[in-house]
There are 2 protein chains.
Amino acid sequence: MTRRTTAATLAPEVGDDDDIGDGPLHDRVYRALRDALVTGRIVPGRAVTLRGLAQSLGVSPMPVREAIRRIAAEGGLVVGANRRVWVPDMDVERFDELVRARSLLEPEAAVRALPHIDAARLERLRAIDAAIDAALESGDVEGYMTGNHRFHFEIYGAGPSRVLVPLIESLWLQFGPFMRSVYGRLGTAALVDHHVHALAAIADGDAARLAEAIRADIMDGMDLIDGTVLGRVTPQPVP
Amino acid sequence: MTRRTTAATLAPEVGDDDDIGDGPLHDRVYRALRDALVTGRIVPGRAVTLRGLAQSLGVSPMPVREAIRRIAAEGGLVVGANRRVWVPDMDVERFDELVRARSLLEPEAAVRALPHIDAARLERLRAIDAAIDAALESGDVEGYMTGNHRFHFEIYGAGPSRVLVPLIESLWLQFGPFMRSVYGRLGTAALVDHHVHALAAIADGDAARLAEAIRADIMDGMDLIDGTVLGRVTPQPVP
DNA sequence: GTTCAAAAAATGTGATCACATTTTGAGCGA
DNA sequence: TCGCTCAAAATGTGATCACATTTTTTGAAC
């Protein structure tokens, strides 16, 4: 009786993205993986293996190792005591910390970036927001998440931040997969785009209002999550 | 005329630490490297090479690569466009961001950890603070930095934080090397240990006072840095 | 001394391999 | 059916290699 071969743990969600640019392979793998996490294409609990991801991307495990190490350092993946790697599940405490960290850091980053937001960037922000609205209208969760991420980082990235923005990027890595499942569950009809307040504050050059708009945006988004949703989260696998 | 061979860029500062525990080699290399950065044994501007570090630690470049990738993801090392890796220099803007990030995150982490600080941990904190004072007395900059780091993380680590504390760890990675040169320049006589206020707040279970003590500690420490010191920082090498 | 070009050396990268460790699945007995 | 054992398969790790890229050195010309 032949042993049945178990399929490798592939990661087609991280597959052949066209637009991951050039540069070292390990950097490109990192970008593909990070994008898949931020947009929630990889879901919480998902195991990620070197060979699976390498196969899905058509590369050797070497650059995958380095990419995974990077993402793990940023909190997007968890390495267990058994050395297995997976996308962490969300729980109440961790979620609360993420919300809190966001509300501490993102308004600060926005305010610091404000003086660097010129008319061209404001136009770009408006275009991104229009795309977000279109995605919400058409039920496109991934489009919404991609646009939302773009909107925020188009703001924060206006200035030359080398500390706050990377911190915030690591936060987004951490809640992306979970938010995808939440949005998918609630439907885009339940999502409201509040970015108009941030846009107005930016147009008026009003730092205090911008900080408040960002903070409110974070809290509003997070208010979608009630205890029921988080209570239903699968317990984190014990490695 | 024989070509003279250039010595590899060794990293003896990261050398054979005795207490880096067990586990995978790449994890141990990471810990050795991180410790060298947090305590400032590696100075800003220092280039770090795979083979140099591998040789200093007596390992192959493989685990070194993964460790470096990790540290770079946490901001402790910078990878240039030429793919060379080095410890970033400090500049005014980056320093300001680090101070700001610390003062936003660390009081929060301390307050969240406070309910988890029991009598045993408070005793440990007191012991660490005594060691800090001894290091200051004897001019031991590295001892001071090690103790200071320990003190802070003995507080923040009291609770089960999985977001805030890793963020704060990455900040400490980033300013460690620079602070080492600052303390060395100013001398430990110029350093004052303010931890007594945090210890009192902890003993009293007073969250607001603890937050304020941590914030003041951060600002007091950073006030040592005047524009003259930062103005004298070597410009960051252009890769 | 400076500048330039070319060669040599250093360094990072990706592939591959063997091995250690962990997980899975088959087979067996109760 | 469940539980156990063991072998096979999967997975992570560290070493090594060849190669691509970058830096340094050398030697010549001015």
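Throughout, a chain's letter reflects where its sequence line sits, starting with A, and its residues are numbered from 1. Please read these numbers as outputs of a predicted model, since none were measured by experiment.
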*Counting only N and O atoms by type, is there a donor-acceptor contact under 3.5 Å from the side chain of B/Ser181 to the main-chain atoms of B/Phe178?*
yes
*Whole angstrom value for the distance that separates C1' of C/dG12 from CG of B/Leu53*: 14 Å
*Grab the OH-P distance between A/Tyr30 and C/dG12 for me, whole Å please.*
20 Å
*Any luck finding a side-chain donor-acceptor pair between B/Glu106 and B/Trp172 under 3.5 Å?*
yes
*Counting only N and O atoms by type, is there a donor-acceptor contact under 3.5 Å from the side chain of A/Arg94 to the main-chain atoms of A/Phe175?*
no
*Please state how far atom CZ in A/Arg83 lies from atom P in C/dT21, giving the value in whole angstrom units.*
7 Å
*Given atom CD of A/Gln55 and atom C1' of D/dA10, what is their separation to the nearest angstrom?*
13 Å
*How close or far is atom C1' of C/dA20 from atom CG of B/Asp22, stated in whole angstroms?*
15 Å
*Is the phosphate of C/dT11, meaning OP1 or OP2, less than 4.0 Å from a side-chain N or O of B/Asn82?*
no
*Do any N or O atoms from the side chain of A/Glu74 and from the backbone of A/Ser170 form a donor-acceptor pair under 3.5 angstrom?*
no
*What integer distance in Å separates A/Arg51:CZ from C/dT21:P?*
15 Å
*State whether a side-chain donor-acceptor pair under 3.5 Å links B/Thr39 with B/Arg41.*
yes
What does the list of N/O pairs under 3.5 Å between the protein and nucleotides 14-16 of chain D look like, with a distance for each?
unit_1: D/dG14; atom_1: OP1; unit_2: B/Leu25; atom_2: N; d: 2.1
unit_1: D/dG14; atom_1: OP2; unit_2: B/His26; atom_2: N; d: 3.3
unit_1: D/dG14; atom_1: N7; unit_2: A/Arg65; atom_2: NH1; d: 3.1
unit_1: D/dG14; atom_1: N7; unit_2: A/Arg65; atom_2: NH2; d: 3.0
unit_1: D/dG14; atom_1: O6; unit_2: A/Arg65; atom_2: NH1; d: 3.2
unit_1: D/dA15; atom_1: OP2; unit_2: B/Ser60; atom_2: N; d: 2.8
unit_1: D/dA15; atom_1: OP2; unit_2: B/Ser60; atom_2: OG; d: 2.4
unit_1: D/dA15; atom_1: O5'; unit_2: B/Ser60; atom_2: OG; d: 3.4

*asked:* Using 30° and 60° as the class boundaries, would you call the ring planes of A/Tyr156 and A/His152 parallel, tilted or perpendicular?
replied: tilted
*Rounding to a whole Å, what distance do you find between A/Trp86:CH2 and D/dG12:P?*
12 Å
*Roughly how many Å is it from CZ in A/Arg84 to C1' in D/dA9, rounded to a whole number?*
11 Å
